[in-house]
There are 2 protein chains.
Amino acid sequence: MVYAAIITIGDEILYGQTLDTNAHFISGELDKIGIKVKLRLSVGDQSSDILQALDTARNSCDIILTTGGLGPTRDDITKRTLCAYFGVELARNEDALRDVENFFNKRGIVMNELNQMQALLPTGSKKITNSMGTAPGIWMEWNKKVYISMPGVPHELEHMLPVMVIPMIRQNFVTPVIYHKSIMTAGIGESILAEKIKDWETGLPENIKLAYLPGYGLVKLRLSAFGNDRDVLQQQVSQYTGELQKIAGEHIYGYDELSLEQKVGDLLREQKETLAVAESCTGGYLSHAITSVPGSSDYFTGGIIAYQNKLKVEELKVSESTLRQEGAVSEKTVKEMAEGIRKKFSAGWGVAISGIAGPGGGTHDKPVGTVWIGLSGKEFTEARKYNFAKNRINNIRYASVAALTFLWQRLKEKN
Amino acid sequence: MVYAAIITIGDEILYGQTLDTNAHFISGELDKIGIKVKLRLSVGDQSSDILQALDTARNSCDIILTTGGLGPTRDDITKRTLCAYFGVELARNEDALRDVENFFNKRGIVMNELNQMQALLPTGSKKITNSMGTAPGIWMEWNKKVYISMPGVPHELEHMLPVMVIPMIRQNFVTPVIYHKSIMTAGIGESILAEKIKDWETGLPENIKLAYLPGYGLVKLRLSAFGNDRDVLQQQVSQYTGELQKIAGEHIYGYDELSLEQKVGDLLREQKETLAVAESCTGGYLSHAITSVPGSSDYFTGGIIAYQNKLKVEELKVSESTLRQEGAVSEKTVKEMAEGIRKKFSAGWGVAISGIAGPGGGTHDKPVGTVWIGLSGKEFTEARKYNFAKNRINNIRYASVAALTFLWQRLKEKN
């Protein structure tokens with residue numbers, strides 16, 4: 001077994017101002033390749049604390065990964081501290097300098113002195129390319145341990161780790177065989193799903209672990225099989241997912257990291273259909289989810305965010321009497337919105353959302369979290385009511401996922 | 001200065017299945033009362049790892065707080081490990097037993113043996129009442145250090161810490177004063193900002209620390225002042241932020257945790273103006289950012305996501321010849337889009353974004369990451385070009401922040 005320690009560096013983490021999502025992300029990525037994270041540490045931007053953390057980490061671990069403190073500004077001290085720890089100097093790495101130069105050239109920006117300093121790396125270390133920013137990562141083998149230093153900016157780390165670092169780790173360490181399979185469900189809560197698949201879960205063999213990973217309105221099940229032979233594990237897992245399909249297949253929209261918006265997009269493309277969206281309380285979030293999928297222009301015609309009632313009437317042809325009698329958050333309104341956008345944008349499907357995201361706007365009959373979702377196809381228009389009763393941002397997210405779930409359920413009936 | 005260490009215990013954290021929000025919460029609460037968190041550790045449900053973490057923590061800290069591993073199930077081993085560490089036994093704590101009995105009586109549930117075990121505490125320790133669950137917290141003074149053990153269930157911890165533990169800490173330690181101030185900037189990169197404020201930064205006194213916290217297209221600066229008197233610190237910090245305002249004021253849009261979309265909203269509300277948005281490549285993300293602010297319906301009329309060129313013509317009145325001659329990602333197109341949406345939705349301001357988010361769609365002249373942003377007011381319409389060259393999701397985020405920055409710069413000129 002290969003053991004790893006993660007050290008996240010930054011006062012902002014210790015002060016409770018920044019949530020440490022980096023350590024979480026690294027944990028998950030290492031777990032996927034069978035590296036066991038034994039220890040996580042967070043320390044501030046102080047050399048002595050970083051040195052102590054490095055000592056603690058190497059005591060019990062083979063790989064020590066750090067994030068943070070690689071940027072060009074003065075509070076970034078990881079590099080200098082690593083040098084002190086390894087007993088080496090900072091020296092210009094020509095390879096890293098070319099990367100930094102390319103980064104700036106592409107953007108037509110002139111490099112300043114601080115930027116040039118980013119190409120300084122501890123002697124004896126390897127540069128890890130950072131395609132998302134200017135601070136390269138560092139790979140250092142020292143005293144039979146590997147030290148990997150990565151930037152703290154989440155989107156830089158989230159690219160560098162899986163694309164650059166994980167392959168390097170695989171090359172340098174013998175990792176056990178773990179086979180993961182994720183089963184993506186929609187339209188069912190975690191506890192109801194758990195009840196439903198209880199017997200199946202109990203029947204899993206010792207070498208297969210099940211984890212419930214709930215997200216916004218979705219539950220991901222992850223099977224992790226441990227063994228020596230990937231093909232054997234794959235076959236074994238495939239047998240159990242097959243059984244699960246029989247028990248809970250109606251809630252399974254896909255496997256592995258497929259997102260629901262991707263699945264909906266795939267179905268629309270297969271069925272040569274198009275989609276238009278009318279949003280009120282979700283304010284663009286549903287459209288954003290749909291268009292976050294590359295190639296979504298194949299089936300997504302467009303959307304209207306009709307935040308004001310006036311626009312619901314003018315743009316979406318919701319009748320004024322509906323708004324007057326039923327209100328903007330009502331079955332009739334979302335049906336008219338869904339039909340309105342479908343016709344206006346000449347799409348095969350129209351989805352509409354209207355609700356009370358909060359914190360204001362709630363009433364006794366329609367409290368915060370009340371959301372109506374309308375779905376209009378060529379043959380029918382229908383609507384569903386939801387009560388999320390969460391905070392504004394969560395209501396927006398849950399409503400968008402509910403709309404995608406609704407559409408997915410109808411689309412798969414056509415398949 | 002009083003130093004604290006936080007140890008979170010649980011395999012699910014190390015495997016990347018559960019985001020460690022507990023450590024984040026504890027950090028923030030301790031920071032508020034001037035306790036300096038020097039170190040955070042996460043270890044799995046293994047006695048040897050917990051013991052090692054306790055040793056590491058007490059090396060440099062006065063207070064050691066742990067969460068997790070206090071519940072009744074078998075993988076909860078914190079209590080036994082603490083006993084081993086302190087060299088004491090687990091014994092029934094009558095006070096804790098009464099709490100547990102009360103908890104079950106109130107709910108009309110019969111206690112089982114596992115529940116009774118929750119009243120066992122290390123001899124010499126004090127019980128910390130848990131009003132949200134059955135596992136009491138533990139306060140232990142040993143070898144001149146204080147060990148505080150709390151449950152890992154977030155809502156139990158989030159009640160116990162501020163209500164029970166913080167008052168006990170205040171009673172047992174003399175706590176210094178820390179004053180934080182965040183300065184929010186837009187429209188300038190981290191390294192250029194650092195260059196610009198170099199002299200100011202060098203001139204900061206010993207007791208004030210500066211941190212750069214870059215986000216998507218925004219940089220937050222945080223000043224942390226240490227001392228004895230809050231008023232004095234506040235005054236001191238206010239002097240330095242005043243100086244910073246003179247040097248880099250044009251990039252500062254606000255203070256503390258103000259978001260740029262909130263600032264833009266505040267300005268629109270003050271100026272009694274309204275905003276409409278036309279999005280292409282950002283697919284609803286800009287509208288989502290704007291409407292994530294409570295009360296945004298005061299100034300946001302709505303938006304159109306014109307993903308297809310046909311809609312740019314029909315809905316936004318972009319001329320067909322513009323699209324033919326200049327393309328959808330061009331100065332002229334975004335200007336016509338911005339003007340089109342402003343007029344269509346009768347808004348004071350219209351913002352438009354058109355670009356190539358990627359991964360497909362890039363050309364030699366217009367590579368992935370090329371984004372045009374148009375801004376139309378009552379008196380003028382203008383446009384800016386950006387090259388983000390990042391991945392799809394990041395291009396979407398950076399483009400949205402750039403649009404908000406553009407609008408903010410024009411709105412503040414009116415103030």
Side-chain angles (χ1 to χ4, degrees), chain A residues 11-12 14-21 24-25 27-28 31 37-44 49 52 56 60 71-75 106-107 112 114-115 132 153 155 211 213 283-288 290-292 294-295 297 300-308 311 345 359-360 392-393 396, chain B residues 14-17 19-21 23-25 27-29 31 37-44 49 52 56 60 190-191 194-195 201 209-214 222 283-288 290-292 294-295 297 300-308 311 345 359-360 387 389-390 392-394 396:
Chain A
D11 286 340
E12 69 282 6
L14 294 184
Y15 293 167
Q17 295 198 354
T18 303
L19 183 62
D20 187 5
T21 54
H24 180 68
F25 179 77
S27 282
D31 185 59
V37 176
K38 201 173 170 60
L39 177 66
R40 279 177 16 188
L41 293 132
S42 298
V43 291
D49 292 344
Q52 198 119 51
T56 306
S60 56
T73 54
R74 293 205 314 161
D75 62 340
K106 262 193 196 164
R107 285 159 185 78
N112 63 23
L114 277 174
N115 299 134
M132 295 287 149
V153 182
H155 81 264
L213 306 167
Y285 192 77
L286 174 60
S287 300
H288 163 60
I290 294 165
T291 57
S292 68
S297 53
F300 183 67
T301 56
I304 286 192
I305 299 143
Y307 226 52
Q308 297 187 330
L311 295 182
F345 283 5
R392 182 176 184 86
I393 299 297
I396 289 171
Chain B
L14 293 184
Y15 294 168
Q17 295 195 359
L19 183 62
D20 187 4
T21 54
H24 181 67
F25 179 75
S27 283
E29 291 298 303
D31 184 61
V37 176
K38 201 174 170 60
L39 178 66
R40 278 174 21 185
L41 293 132
S42 298
V43 292
D49 291 345
Q52 199 119 52
T56 306
S60 57
E190 184 184 3
S191 55
E195 191 70 31
E201 186 178 348
K209 281 184 73 180
L210 172 72
Y212 288 83
L213 306 168
R222 197 190 56 220
Y285 191 76
L286 174 60
S287 299
H288 163 59
I290 293 164
T291 58
S292 67
S297 53
F300 183 67
T301 55
I304 286 191
I305 299 142
Y307 227 53
Q308 297 188 329
L311 295 183
F345 284 6
N387 293 294
K390 304 192 186 278
R392 183 175 183 86
I393 298 297
N394 285 328
I396 290 171

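Here is the naming used below: chain letters follow the sequence lines, and residue numbers restart at 1 for every chain. This is a predicted model, so every value here is computed, not measured.
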Query - Residues in side-chain hydrogen bond (donor to acceptor under 3.5 Å, both in side chains) contact with B:Ser27, at least two apart in sequence or another chain - result: B:Arg40
Requested in this report: Might you point out which heavy atoms bring A:Phe345 and B:Ile305 nearest each other, and give the distance in Å?
Outcome: CE2-O, 4.4 Å
**Report entry** Heavy-atom check, side chain of B:Tyr307 versus side chain of A:Ser287, under 4.5 Å
**Finding:** no
Report summary line: If you tally heavy-atom pairs under 4.5 Å between each of A:Thr21, A:Thr291, A:Val43 and chain B, the highest tally belongs to A:Thr291
Query - Interchain contact, B:Thr301 with chain A, by part (heavy-atom threshold 4.5 Å) - result: both
**Report entry** Between A:Val37, A:Thr18, A:Leu19, the one whose heavy-atom pairs under 4.5 Å with chain B are most numerous
**Finding:** A:Leu19
Query raised in the report: What part of A:Ile393 lies closer than 4.5 angstrom to a heavy atom of chain B: side chain, backbone, both or neither?
Result: side chain
**Report entry** Shortest non-hydrogen separation from B:His24 to A:Gln17 and the atoms involved
**Finding:** CE1-C, 3.9 Å
Query raised in the report: Is it the side chain or the backbone of B:Asp20 that comes within 4.5 Å of chain A heavy atoms, both, or neither?
Result: both
Report task. Quick one: sort the A:His288 and B:His288 rings into parallel, tilted or perpendicular, breaks at 30° and 60°. Result -> parallel
**Report entry** Under 4.5 Å from a heavy atom of chain B, the part of A:Thr56 involved
**Finding:** side chain
Requested in this report: Would you mind checking which part of B:Leu311 comes under 4.5 Å of any heavy atom in chain A, side chain (CB onward), backbone (N, CA, C, O), both or neither?
Outcome: side chain
Query - Under 4.5 Å from a heavy atom of chain A, the part of B:Ile396 involved - result: side chain
Query raised in the report: What part of A:Asp11 is in contact with chain B, defined as an atom under 4.5 angstrom from a non-hydrogen atom: side chain, backbone, both or neither?
Result: both
Report task. Taking all non-hydrogen atoms of both residues into account, name the closest pair between B:Glu201 and B:Tyr212 and its distance. Result -> OE1-OH, 2.9 Å
Query - Exercise: identify the closest heavy-atom pair between A:Lys38 and A:Ser60 - result: CD-O, 3.8 Å
Query raised in the report: Counting heavy-atom pairs under 4.5 Å to chain A, which of B:Arg222, B:Gln52, B:Glu195 comes out on top?
Result: B:Arg222
**Report entry** A:Lys106 side chain reached by B:Asn387 side chain, heavy atoms, under 4.5 Å
**Finding:** no
**Report entry** Heavy-atom proximity to chain A below 4.5 Å, by part of B:Leu39
**Finding:** both
Query - Considering all heavy atoms, the nearest B:Pro214-A:Val153 contact - result: CG-CG2, 4.4 Å
Query raised in the report: Tell me, side chain or backbone of B:Leu213 under 4.5 Å from chain A's heavy atoms, or both, or neither?
Result: side chain
Query raised in the report: Which residue out of B:Ala306, B:Ser297, B:Pro294 racks up the most heavy-atom pairs below 4.5 Å with chain A?
Result: B:Pro294
